[in-house]
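Note that the coordinates shown come from a computational prediction; the quantities given were computed from them, not determined experimentally. Numbers here are sequence positions counted from 1.
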Amino acid sequence: MPGKVVSAEDAVARIRDGSTVATGGFVGIGFPEDLAVAVEQRFQRTGEPRNLTLMYAAGQGDGRDKGANHFSHEGLVKRVVGGHWGLVPKFGEMAMQNQVEAYNLPQGVISHMFRDIAAKRPRTISKVGLQTFVDPLNGGGRMNSRTTEEIVERIQFDGETYLAYKTWPLHVALLRGTTADLDGNITMEKEALFLESLAIALAAHNSQGLVLVQVERLAATGSLHPRQVKIPGILVDCVVVSRPENHWQTFAQVYNPGYAHEIVVPTATLQPMVMDERKIIARRAAMELTPKCVVNLGVGVPEGVAHIANEEGLLESLTLTAEPGVIGGIPASQPNFGAAINVAALIDQPSQFDFYDGGGLDLAFLAFAQTDQEGNVNVSKFGRKVAGAGGFINISQNAQKVVFMGTFTNGLKIGVPGGRLQICREGDCRKFLSHVEHMTFSGDYAKIRKQEVLYITERCVFTLTQHGLELTEIAPGIDVERDILAQMDFRPLISEKLRLMDERIFRDSLMGLSLKTARL
């Protein structure tokens, strides 16, 4: 084949031992699965390449075998610098067994590091991560005892403290697009996201490295519209036409035209949420929406806010976003998280984090796994399980207001007879602890910033105050002592104006919610 087109096997054969390799992707969107499979198979067959450093921003995997899981072999990788680890459980196991050096840095910071590597800047400077586990005062993002090199420093400018994240040359970029011409120009018309593909390609090229891109199809040289080219051919070394089974649009769907924005999806066809604890939490959270607010929705329980906004006819009055670059529309849920339908705009991930880090978000809805009396939140590490922070730190530290969402305990079962909440079976794992295991969100830092912070569960609502968590609302049917205080490791402040949550939340019918009356 003329031009830059080669087989996946020939492309990855150019990767040398000790290389720093970056992969693009968000969950299963935009991940170069065919190239990753080829790297894994070559290592299993020949023992090469060895001792790679793998660098990626967003979580990339299906929680089992796909995505970055293909790299999780002892000897293949010696160091991982990743934004999210939960979808790559094999790497989490390797980290806990000290088989790899393991760093967890904020997703947005890593996406910006690629740009700084391309420009040969020695550091990425940001306030993101201060007073969290990424801060050198709390470990500097190192996840095990094998990881000793400090790659995050504290630095001051004009009397203010920042974090300086070290950068390094990038030797190989593994990326993905839809169409390539024979000169290596890459378009992404069928991809759900653009991500940081251009930044990674620039970083590898300017480091005198390799840029390998898998695509679905080829086009003649000069036939691609220049406005559609997302990675110019001057940056690309090899093009690989992927096997169809390794080029699904997400890890769950072969192709959805709505995710590629070919069609506008009728929102009336979307199924309403079932009446359970997740819907209760999402309904109460949706009451924090205000007219024209710009919102980020995290993965998990927060995804329900989009469904509630749609059910209640509020979508046209606000703008939902997701960190990989989605602006407007309705973000998809797992396993298609990161994609969206009916968007207003789609930008690259580093630019989206510029917007987030600069305070562009009015409101963020994020899940919590643990919280404590100071309002700290952990979503990143539990015992020997490494989940990683993803974009959580960027988003939670910089949104004007943040709403943490989750069930009060893990594994509970509820009912809502007569519009009153009933705990049919209490969960077997507490989430309100004396001290969180890992500091993904700092309550003290939020207090310094005077950030408004809520913690919404199915049975109650807390507000972060200068003196810690304060209980401000309880659900109808809930006993404060039995159902709340007895299930916590600490006693929170209790508001003198403690009130019931809106009874509409607990009835299996539309609430008639409007943004004008959204705040209770």
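- Distance CE/M287 to CD1/I456: 9.5 Å, rounded to 0.5 Å.
- For N69 and D65, the side-chain atoms include no donor-acceptor pair closer than 3.5 Å.
- Looking at R425, its side chain does come within 3.5 Å of a backbone N or O of G411 through a donor-acceptor pair.
- Note that CD of E312 is 5.0 Å distant from CG of L510, once rounded to the nearest 0.5 Å.
- Atom OG1 of residue T267 and atom CG of residue N310 lie 4.5 Å apart, to the nearest 0.5 angstrom.
- In this model, a donor atom of one side chain and an acceptor atom of the other lie less than 3.5 Å apart for Y356 and T321.
- Remark: the backbone N or O of A399 is paired with a side-chain donor or acceptor of Q451 at under 3.5 angstrom.
- In this structure, L130 CG and L137 CG are separated by 9.0 Å, a value rounded to the nearest 0.5 Å.
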Do K401 and D362 pass the salt bridge (charged side-chain N to carboxylate O under 4.0 Å, His left out) test, and can you show the C-alpha distance, the side-chain angles, and the key distance before you say yes or no? CA-CA 6 Å; K401 177 178 180 177; D362 298 309; over 6 Å; no
Might you work through the side-chain contact (heavy atoms from CB on, under 4.5 Å) test for V305 and L289, ending with a clear yes or no? CA-CA 9 Å; V305 175; L289 295 169; 4.3 Å; yes
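- No more than 12 heavy atoms of other residues, nucleotides or ligands shown are found within 6.0 angstrom of CD on E316.
- A donor-acceptor pair under 3.5 Å is absent between the side-chain atoms of N378 and the main chain of T440, judged by distance alone.
- Looking at R504, its side chain does come within 3.5 Å of a backbone N or O of M511 through a donor-acceptor pair.
- Remark: the backbone N or O of G83 is paired with a side-chain donor or acceptor of N104 at under 3.5 angstrom.
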Any chance you could lay out the salt bridge (charged side-chain N to carboxylate O under 4.0 Å, His left out) test for D135 and R154, step after step, and finish with the verdict? CA-CA 8 Å; D135 193 314; R154 278 190 158 226; 2.6 Å; yes
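- Using a distance-only test at 3.5 Å, with no hydrogens or angles considered, a donor-acceptor pair links the side chain of N398 to the main chain of N394.
- A donor-acceptor contact shorter than 3.5 Å links the side chain of R449 to the backbone of Q397.
- The six-membered or imidazole ring of F441 lies near that of F404, with a centre-to-centre distance under 6.0 Å.
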Derivation and outcome, side-chain contact (heavy atoms from CB on, under 4.5 Å), residues F91 and F71: CA-CA 8 Å; F91 269 141; F71 292 87; 3.7 Å; yes
With salt bridge (charged side-chain N to carboxylate O under 4.0 Å, His left out) as the criterion, how do R278 and D276 come out once you've worked through the C-alpha distance, each side chain's angles and the decisive distance to 0.1 Å? CA-CA 5 Å; R278 294 169 70 96; D276 60 9; 5.5 Å; no
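- With contacts defined as side-chain heavy-atom distances shorter than 4.5 Å, the pair L315/L320 qualifies.
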Set out, in order, the CA-CA distance, both residues' side-chain angles and the distance that settles salt bridge (charged side-chain N to carboxylate O under 4.0 Å, His left out) for R459 and D479, then state yes or no. CA-CA 10 Å; R459 68 187 72 178; D479 180 86; over 6 Å; no
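- Annotation: side chain of F408 is in contact with side chain of C460 (closest heavy-atom distance under 4.5 Å).
- Heavy atoms of other residues, nucleotides or ligands lying less than 6.0 angstrom from CD of E150 number 12 at most.
- Counting heavy atoms from C-beta on, the side chains of E288 and L454 come closer than 4.5 Å.
- Residue pairs satisfying the salt bridge (charged side-chain N to carboxylate O under 4.0 Å, His left out) criterion with at least one member in residues 299-311, sequence neighbours excluded, are listed as follows: K279-E311.
- Atom NZ of K385 is surrounded by 12 or fewer heavy atoms from other residues, nucleotides or ligands within 6.0 Å.
- The side-chain contact (heavy atoms from CB on, under 4.5 Å) test with R283 is passed by exactly one of M273, M275, M501, H307: M275.
- Proximity of M439 to V134: side-chain heavy atoms (C-beta onward) are nowhere separated by under 4.5 Å.
- F368 and F432 have their aromatic ring centers within a separation under 6.0 angstrom.
- Defined by atom type and a distance below 3.5 Å, a donor-acceptor pair is present between the side-chain atoms of D354 and H112.
- Put simply, the side chain of N144 gets close to the backbone of T147: a donor and an acceptor are under 3.5 Å apart.
- Side-chain atoms of L433 and T371, non-hydrogen and from C-beta on, never get closer than 4.5 Å to each other.
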Candidate pair E426 and T409, rule side-chain hydrogen bond (donor to acceptor under 3.5 Å, both in side chains), full reasoning: CA-CA 7 Å; E426 191 59 81; T409 59; 2.6 Å; yes
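- One N or O on the side chain of K381 and one on the backbone of G383 form a donor-acceptor pair closer than 3.5 Å.
- Distance alone, capped at 3.5 Å, is enough to place a donor-acceptor pair between the D372 side chain and the V436 backbone.
- For the pair I347/I327, a side-chain contact is recorded, criterion being any heavy-atom separation below 4.5 Å from C-beta on.
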side-chain contact (heavy atoms from CB on, under 4.5 Å) between I414 and Q422, intermediate numbers included: CA-CA 6 Å; I414 64 138; Q422 181 180 14; over 6 Å; no
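- Applying the side-chain contact (heavy atoms from CB on, under 4.5 Å) rule to D444 yields the partners Q131, E374, S442, K447; only residues at least two apart in sequence or on another chain are considered.
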Apply side-chain contact (heavy atoms from CB on, under 4.5 Å) to residues L366 and N296 and explain how you reach the verdict. CA-CA 8 Å; L366 300 170; N296 170 270; 3.8 Å; yes
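- Under the 30°/60° scheme for interplanar angles, the aromatic rings of Y56 and W85 are found to be tilted.
- E153 is linked by a salt bridge (Lys or Arg N to Asp or Glu O under 4.0 Å) to R123, counting only residues two or more places apart in sequence or in another chain.
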Determine, stepwise, if the pair Q373 / S434 fulfils side-chain hydrogen bond (donor to acceptor under 3.5 Å, both in side chains). CA-CA 6 Å; Q373 54 197 334; S434 298; 5.1 Å; no
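- Between I395 and E323 there is a side-chain heavy-atom pair separated by less than 4.5 Å.
- Each of Q99, E40, K90 was checked for a side chain to side chain donor-acceptor pair (under 3.5 Å) with H73, and the lone residue meeting it is E40.
- Closest of all the heavy-atom pairs between V453 and A446 is CG2-CB, 4.1 Å.
- Looking at S380 and F392, their side chains never come closer than 4.5 Å, going by heavy atoms from C-beta outward.
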Step-by-step side-chain hydrogen bond (donor to acceptor under 3.5 Å, both in side chains) determination, H70 to E33: CA-CA 9 Å; H70 291 296; E33 180 75 3; 2.6 Å; yes
Set out, in order, the CA-CA distance, both residues' side-chain angles and the distance that settles side-chain hydrogen bond (donor to acceptor under 3.5 Å, both in side chains) for H84 and Q107, then state yes or no. CA-CA 7 Å; H84 191 277; Q107 178 178 325; over 6 Å; no
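- Side-chain contact check for E452 and Q400: no donor-acceptor pair (N or O, by modelled atom type) lies under 3.5 Å.
- Residues A286 and I308 approach most closely at CB-CG2, 3.7 Å, considering heavy atoms.
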